[in-house]
Amino acid sequence: MVRNLVVIGGNSHPQLTQSICGVLGIPPAEVLLSKFAVGETRVEVQESVREKDVYIIQSGGGKVNDHLLELLITISACKTASARRVTAVLPLFPYSRQSDIPYDKAGAPLVKAAVGGKPTNGYTFESTPPTPGPGKPEGLGLMNGMENLQKGLAKAQIEDSTGSPVKRRGNGLPRNDTTDSLKSLSNGADDAANSTSSKISAFQPRPGYKQWVAQAGTLVADLLTCAGADHIITMDLHDPQYQGYFDIPVDNLYGRPLLKSYIQRNIPNYKQSVIVSPDAGGAKRATAIADQMGIEFALIHKERRPTKITDRQNATMMLVGDVRDRIAILIDDLADTSNTITRAAKLLKKEGASQVYALVTHGILSGDAIERINASALDKVVVTNSVDQVDHLRRCPKLEVLEIGHVFGEAIRRVHHGESISVLFQYD
Ligand SMILES: O=P(O)(O)OC[C@H]1O[C@H](OP(=O)(O)OP(=O)(O)O)[C@H](O)[C@@H]1O
């Protein structure tokens, strides 16, 4: 029994909250998590958290945006209710791979295929209208509307010369033109909000227009801190450097000990198997396990970078290493659409692997990922329950789930008592 410790479970993963509370020997706190008819989230903490050490369990996956907002509101509610310390426990951290968008070697976004070696989108690194400077005309600097701006200015000058009063903004534009421009910008934003990912492929940048990729990862880190989080506990961040986005402590636990122990217990003659990283991005993760266990390592290399965001699945894959007549064990941090692991499995079987296992920390398995796995060359998919797996388990006979409640329960117990949690980072 631990004193002054409160665990609050969000709506994302009640089973994990129960399992963590079981380890700590306390019941989860009473909270009312509901929604107004319009869809706004409502949180009511129904017991005192004054001077308590509060841990809020909320994972990514599922209705990720709803869960994130619910977490932010719950953190804020606890701070307002005078909690001594609030720790956000996010077994799968949402938005931590947001800035990943294909770029060419020169750093320009790859949004349209090149024809005859020349990019057809006319991309340049110059923004249009140009950055205002000495001797250059000033523009809005927001969109590629120089022509309209010039027309607007010319029209305004004609009106000026007739003597009628024209009110101006600081940029020299008549007020109405500016308002219209802003209106059209905001309409564009509404449209963007309604668009689906399939529309991304239809997007063609205007020549000269500089694309900006939203830094959603930074924003989410700031939101958690602003809401009042004092500490973050998570597992297998897609990019461990994401911890640097925070100015509060972040404990990034490893799922590797669980995966390693699964291999030792369940894969026959595992020393003869081959650990495979399905892409270069995960090579470090996979080699860490291969080196620890003294198993051979192979890498799947995507022969070319995809030319569009939606082209990921079309990139040609190439195996570097030998898997013939051996069990191949794919290691990755997450499976979302499961395109990566199913395509890798197909290649590994083609290269002669006798069986293919995929061991993945976060089994998000969105959309038709389960159907894709069921129809794939994968023999077994092993994930942790960092994301709720109840529905996935029902639908996927190849799926096996490793419990992580005890890892998070122990991390919370140690943090609460001010003990080191580095023991949880060790592989052996
Ligand atoms: O199930 P899927 O939808 O295929 O997504 C899973 C893949 O996405 C992530 O990598 P990412 O493609 O972001 O590349 P990176 O590892 O190079 O960052 C992750 O590490 C997996 O490899």
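We count ligands from 1, going down the list as the structure has it; atoms in each ligand are counted the same way.
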**Within 6.0 Å of CD in E30, more than 12 heavy atoms from elsewhere** = no
Margin query: Heavy-atom count check: over 12 atoms from other residues, nucleotides or ligands less than 6.0 Å from K79 NZ?
Written below: yes
In ligand 1, the atoms that come under 4.0 Å of a heavy atom of D333 are 19 (C), 20 (O)
Next on the checklist: Just by distance, no angles: are the side chains of H416 and N4 close enough, under 3.5 Å, to form a donor-acceptor pair?
Outcome noted: no
Of all heavy-atom pairs linking G363 and V383, the shortest is CA-CG1, 3.7 Å
A student checking ligand 1 against A335 at a 4.0 Å heavy-atom cut-off should list atoms 1 (O)
A student comparing G281, A283, S277 should find that the heavy atom closest to atom 17 (O) of ligand 1 comes from G281
Note: V356 and A345 closest approach over all heavy atoms is CG1-CB, 4.0 Å
Restricting to heavy atoms, the pick from D239, T337, I300, D236 nearest atom 3 (O) of ligand 1 would be T337
Under 4.0 Å from one or more heavy atoms of T340, ligand 1 contributes atoms 2 (P), 4 (O), 5 (O), 6 (C), 7 (C), 22 (O)
